[in-house]
Amino acid sequence: SNNNPYASFGATLARDEEQNLWSTPHDVTHTEADDDRVLYNMIVVRNQLDKDSEEWQKLNYDIYTLRQTRKEVRSRWKHILEDLGFQKEADSLLSVTKLSIISDSQNMSKARDILLKLSEETNIFPTSWELSERYLFVVDRLIALDAADEFFKMASAVYPKRPGGDRLDEGPRPLQS
């Protein structure tokens, strides 16, 4: 009879980590997007394998890599939002849930165009990144705030597209005054 209220804490954290598909445990921005389902399926397959197997180790590494890439992309977006003056609002602008909606259906095509332009003309996403619906909602919010064009300009300056691919371990480039 263990009366320690923290006895199951580690088990709860492990469960939350498995359920979390976006970046960190207890991330309230989790949504059931295609990229989340891919990660979820990887976790399910990994959990059915023997932990000592080579397949388990490979899947575990792939899951870790995908999560780290997502964290880095989110960090890049947050960095630009903060530089644009949205220090207090950056997290809420990046927060996307199942209940998120596009603010104006007329913005949808403009948001898609800007997101595609960001992916093609900047290094804010890794080369292999499939555009996430999550960032369509973020761009829609930026359009509503009349900040989408400024965001693109800043992303182009801070994360310019470089020939020969990109590296996520490179930090942002300093802004030129």
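Without hydrogens or angle criteria, Lys161 side chain to Ser119 main chain gives a donor-acceptor distance under 3.5 Å. The backbone N or O of Leu49 sits nowhere less than 3.5 Å from a side-chain atom of Ser53 that would complete a donor-acceptor pair. At least one donor-acceptor pair under 3.5 Å links the side chain of Arg141 to the backbone N or O of Leu93. Thr122 places a side-chain N or O within donor-acceptor distance of the main-chain N or O of Leu118, the cut-off being under 3.5 Å.
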Practice task
Take Phe125 and Leu115 through the side chain to side chain contact (heavy atoms under 4.5 Å, CB included) test and state the conclusion after the steps.
Solution key: CA-CA 10 Å; Phe125 297 113; Leu115 191 59; 3.8 Å; yes
Exercise for the section: Using the side chain to side chain contact (heavy atoms under 4.5 Å, CB included) rule, take Phe86 and Ile80 through it: C-alpha gap first, then chi angles, then the decisive distance, then the call. Expected result: CA-CA 9 Å; Phe86 294 107; Ile80 293 171; over 6 Å; no
Problem - side chain to side chain contact (heavy atoms under 4.5 Å, CB included) evaluation trace for Val96 with Leu136 - result: CA-CA 10 Å; Val96 176; Leu136 189 62; over 6 Å; no
Practice task
Would you sort out whether Leu142 and Leu81 count as a side chain to side chain contact (heavy atoms under 4.5 Å, CB included), showing the intermediate values?
Solution key: CA-CA 9 Å; Leu142 292 172; Leu81 289 170; 3.6 Å; yes
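Residues Gln87 and Glu82 come closest through the heavy atom pair NE2-O, 3.1 Å. Contact detail for Asp140 and Ala111: the closest heavy-atom pair is N-CB, 4.1 Å. Shortest non-hydrogen contact noted between Val73 and Pro126 is CG2-CD, 3.6 Å. Considering all non-hydrogen atoms of both residues, Pro160 and Asn123 come closest at O-CB, 3.3 Å.
Looking at Asp149 and Ile143, their side chains never come closer than 4.5 Å, going by heavy atoms from C-beta outward. Using a 4.5 Å heavy-atom threshold, the side chains of Leu39 and Arg67 count as touching. Side-chain contact between Phe152 and Glu121 is present, with at least one heavy-atom pair separated by less than 4.5 Å. Looking at Arg76 and Glu72, their side chains come closer than 4.5 Å, going by heavy atoms from C-beta outward. In this structure the side chain of Leu94 reaches within 4.5 angstrom of the side chain of Tyr135, judged on heavy atoms. Contact of the Lys78 side chain with the Ser75 side chain is not registered, since no non-hydrogen atoms from C-beta on lie closer than 4.5 Å.
Residues forming a side-chain contact (heavy atoms from CB on, under 4.5 Å) with Asn41 (at least two apart in sequence, or on another chain): none. Checked against side-chain contact (heavy atoms from CB on, under 4.5 Å), Thr65 has the following partners two or more places apart in sequence or in another chain: Tyr61, Thr69.
Going from atom CE of Met42 over to atom CD1 of Ile63 covers 5.0 Å, rounded to the nearest 0.5 Å. Taken to the nearest 0.5 Å, the OG atom of Ser109 stands 9.5 Å off from the CD1 atom of Ile114. Note that CD of Glu55 and CD of Gln48 are 13.0 Å apart. Values are rounded to the nearest 0.5 Å. Distance check, rounded to the nearest 0.5 Å: CG of Leu59 to CG of Asn47 gives 9.5 Å. The CH2 atom of Trp56 lies 10.0 Å from the CG atom of Asp50; values are rounded to the nearest 0.5 Å.
Between Lys153 and Glu150 there is a salt bridge, since at least one side-chain N of the basic residue sits less than 4.0 Å from a carboxylate O of the acidic one. Using a 4.0 Å cut-off between charged nitrogen and carboxylate oxygen, Arg74 and Asp91 count as a salt-bridge pair. Using a cutoff of 4.0 Å between basic side-chain nitrogens and carboxylate oxygens, Asp62 and Lys58 are scored as salt-bridged.
Between His79 and Tyr159, the ring-plane angle classifies as perpendicular under the 30° and 60° cut-offs.
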